[in-house]
*Asks:* 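Dropping the structure in here first, questions after.
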Amino acid sequence: MYGNYDGENKLPEFDIYVGANFWSLVKFRNASEQVVLEIISIAQSDVIYVCLVNKGSGTPFISALELRPLNSSIYNTEFGESASLLLFERWDIASSALNGSGRYVDDIYDRIWSPYSSSTWDSISTSSAIDVNTDGYRAPSEVIKTAARPRNGSDTLEFSWSSNDPSWKFYVYLYFAEVEHLKKTQLRKFNVSWNGSPLFEPFVPSYLYATTLSNSKSLVANEHRISIHKTADSTLPPILNVVEIYVVRQMDALPTFEQDVDAVMDIKEDYRVQRNWMGDPCEPKNYSWEGLKCNYSTSFPPRIVSLNLSSSSLSGIIASSISNLSSLESLDLSNNTLTGSVPQFLEELRSLKYFVDDQNLSNSDTSNKNKVVVPIVASVLSVLALLVVFILIWKLRKRKQSDEEINKPNKEGRTVASKNWQYTYSEVLNITNNFEMVIGKGGFGTVYFGKMKDGKQVAVKMLSPSSSQGPTEFQTEAELLMTVHHKNLVSFIGYCDDDDNKMVLIYEYMANGNLKHYLSDINPDCLSWEKRLQIAIDAAEGLDYLHHGCKPPIIHRDVKSANILLSEDLEAKIADFGLCKVFGNDKQNAEAVVMGTTGYLDPEYYKLRHLNEKSDVYSFGIVLLELITGRPAVLKGKILMHILEWITHEVERGDLSRIIDPRLQDKYDASSVWKAIGIAMACTASTSIQRPTMSVVLAELKHCFKMDLPSQNHIFVDSRPRQSYTEFYSSSEPYSMDSDSITHPFPR
Ligand SMILES: *[C@@H]1O[C@H](CO)[C@@H](O)[C@H](O)[C@H]1NC(C)=O
Ligand SMILES: *[C@@H]1O[C@H](CO)[C@@H](O)[C@H](O)[C@H]1NC(C)=O
Ligand SMILES: *[C@@H]1O[C@H](CO)[C@@H](O)[C@H](O)[C@H]1NC(C)=O
């Protein structure tokens, strides 16, 4: 409530954001109006920012902010975790409360309820307790025990609302509980429709037992009218106990690049910056922190490109945290009392274009002019030094290569001489244009975009210098990897090992990035079910080749959606295979050091430290679940939940529409999806002996694909009860080759 607290008598108008996402416009009709906004949102990280944005129409303010934890099994939408629900109305129908909106002690979610009634309704209620415990929505007893029914028994119960914006997507939650004890001859049964089309099956409320019904697809229209009318065989009029109406808000804006956030937070702390630096540095878009400029793109997080801390009373030395702003192009530190010399890291900022030197910087006895020159001279010197080193290495390399050319016979199976795979570091610099563009980061190092002399696009992986391995072993392993070829493995183009610390692998470039990114909500293109199956088959082919087509077999050890890359025409290829070998872990080592990624790591391998190909099968199963559900391996909610835990529960419920990626809508063949779920569950069995080999997985997936072809749908409708399915994946029998052993429940 504004209450003219500032004496300006001007009603402010401002925006409110949750993190980087728009929540609502805040507007007051008069100084005493109380505006209360409510949103149901899934936290994307440990910290939630609520941001009030000054749009130049008055100073934003807030009187109270409350947070309530909510069970994630309720208030779900077809849009998954990226969607939030904004409260539109919450009505306690035919309320017994006399004095307006309020809360109830027994409401575990602490909602604010508003009384609502109509002159054409009668109210009925009960003094008995109503069981709300099995209905997740848990309406408080004062609210659920009152209901409305039409005064004229044959009439329809109706309520309506209009949308402020015709594109708004609505969800209604209707709560019902029978409050009258019916005689044997009586029946209360009704239909619920929205703008004339039925929303649910005919419904009979249970006596003293709450049930909540909600639309499964969002409601979009200018005007909305919900009608509840009795069925022909019903002897009693319809009732309605509670109504909630929500609007969907898509929450898909990306927060600022995490490393940039950490860096700028450190800078804020180091210098005790006296500015209103709160919330996300770059978001909301075009309202970045004072003194920051950000670069926005559609599919990547915003990056900080400019930092202006001029005239900010900074003192001390130049903080090293600035160097962590790796996309910084402009830095202004003028008119502060900074001391000490210009640190080297400023020269290393890859794309730094602009640097305003400070009066107090550098030694006090040199002139101002000299100081500006310091970083430039220093850079020139270091470039010269590097050049000298490069020339030396290049000379050595040249000689070594010509020796090799003479000494090395062309081994069988190698069509290309090794020298063609070997690149010098300066060539790598050329290819990547001085490591200009980062296209990915993984456990083994950073990946840069590159272009070969002939224009071919490549991905250049700079391995982290943590390896204990010398260049010779690296070379041996790298050359071995060059001999592994399969259409579903990302192919190697070459490597560079000029220096112990600079091991570089060059791969073919995959235009559509990795599967994890492609599947995420960030990507507006939704993969069809057939495409998803095709990707699974491609990846399975690649893994099967590593396991059974290579001698000795290669166990990937880090199968995950981020390691499955997609070509221009969405062909999937496995990346990063053999890197454990490149890192020189011999067999004993391999078993001592558990490698892998949280969410994908085989629990058996983790416990027993005994590595075998079935660990890859487990991880592949998780990827398959991601493809089916569109959800990540670890579900982020109030509590983190592994996808397997979630899906096991959902499979027991048997409602495919809750499992499948909601973006697929209903464009899929249910039996094909159930079968794919069965395969994923088999892959992720708790012991490796129960899991199928990749060859079996591959065969089963191909079977799934055939089922999905429309002409064959009818052949595969399976009417066996769900039981057989549950038995199947929880059985302790080893998985068999028999394709009939994967059954699926009857699609509901
Ligand atoms: C302020 O606006 C609200 C909502 O329109 C209204 O209920 C209230 O009576 C108004 N108060 C005054 C003092 O005008
Ligand atoms: C930094 O901000 C000051 C004003 O605060 C301005 O005069 C200066 O030009 C800015 N520097 C850059 C590089 O934009
Ligand atoms: C330098 O900063 C001080 C505040 O720290 C400010 O008062 C002064 O105007 C600034 N000078 C210039 C030239 O920007």
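The first residue of the sequence shown is numbered 1, and numbering continues consecutively from there. For ligands, and for the atoms within them, numbers begin at 1 and follow the listed sequence.
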*Asks:* Please report which non-hydrogen protein atom sits nearest to atom 5 (O) of ligand 3, along with the residue it belongs to and the distance in Å to one decimal place.
*Replies:* Ser313 OG, 3.6 Å

*Asks:* Does Ser330, backbone or side chain, put an N or O under 3.5 Å from an N or O of ligand 2?
*Replies:* no

*Asks:* Starting from atom 4 (C) of ligand 3, locate the nearest protein heavy atom and write down its residue, its atom name and how far away it is, to 0.1 Å.
*Replies:* Ser311 O, 4.5 Å

*Asks:* State whether the side chain of Asp266 and the backbone N or O of Asp270 hold a donor-acceptor pair below 3.5 Å, judged by distance alone.
*Replies:* no

*Asks:* Does the protein put any heavy atom within less than 4.0 Å of atom 7 (O) of ligand 1?
*Replies:* no

*Asks:* Could you tell me whether Asn308 and ligand 2 have an N or O pair separated by under 3.5 Å?
*Replies:* yes

*Asks:* Looking at atom 3 (C) of ligand 3, what's its closest protein heavy atom, distance included?
*Replies:* Asn335 ND2, 3.6 Å

*Asks:* Tell me, please, which residues at least two apart from Cys51 pass disulfide (SG to SG under 2.5 Å).
*Replies:* none

*Asks:* Any idea which protein heavy atom is nearest atom 12 (C) of ligand 1, and the distance to it?
*Replies:* Asn30 ND2, 3.3 Å

*Asks:* Go through the side-chain N and O atoms of Tyr49 and Glu283 and say whether any donor and acceptor fall under 3.5 Å apart.
*Replies:* no

*Asks:* Within the side chain of Asp106, is there an N or O that forms a donor-acceptor pair under 3.5 Å with the backbone of Pro140?
*Replies:* no

*Asks:* Hey, would you say the Phe28 and Phe61 ring centroids sit under 6.0 Å apart?
*Replies:* yes

*Asks:* Would you kindly check if the NZ (Lys) or CZ (Arg) of Lys285 is within the cone defined by 45 degrees around the ring axis of Phe22 and under 6.0 Å from the six-membered ring centre?
*Replies:* no

*Asks:* Tell me, which protein residue and heavy-atom name are nearest atom 13 (C) of ligand 1, and how many Å apart are they?
*Replies:* Ser32 OG, 3.4 Å

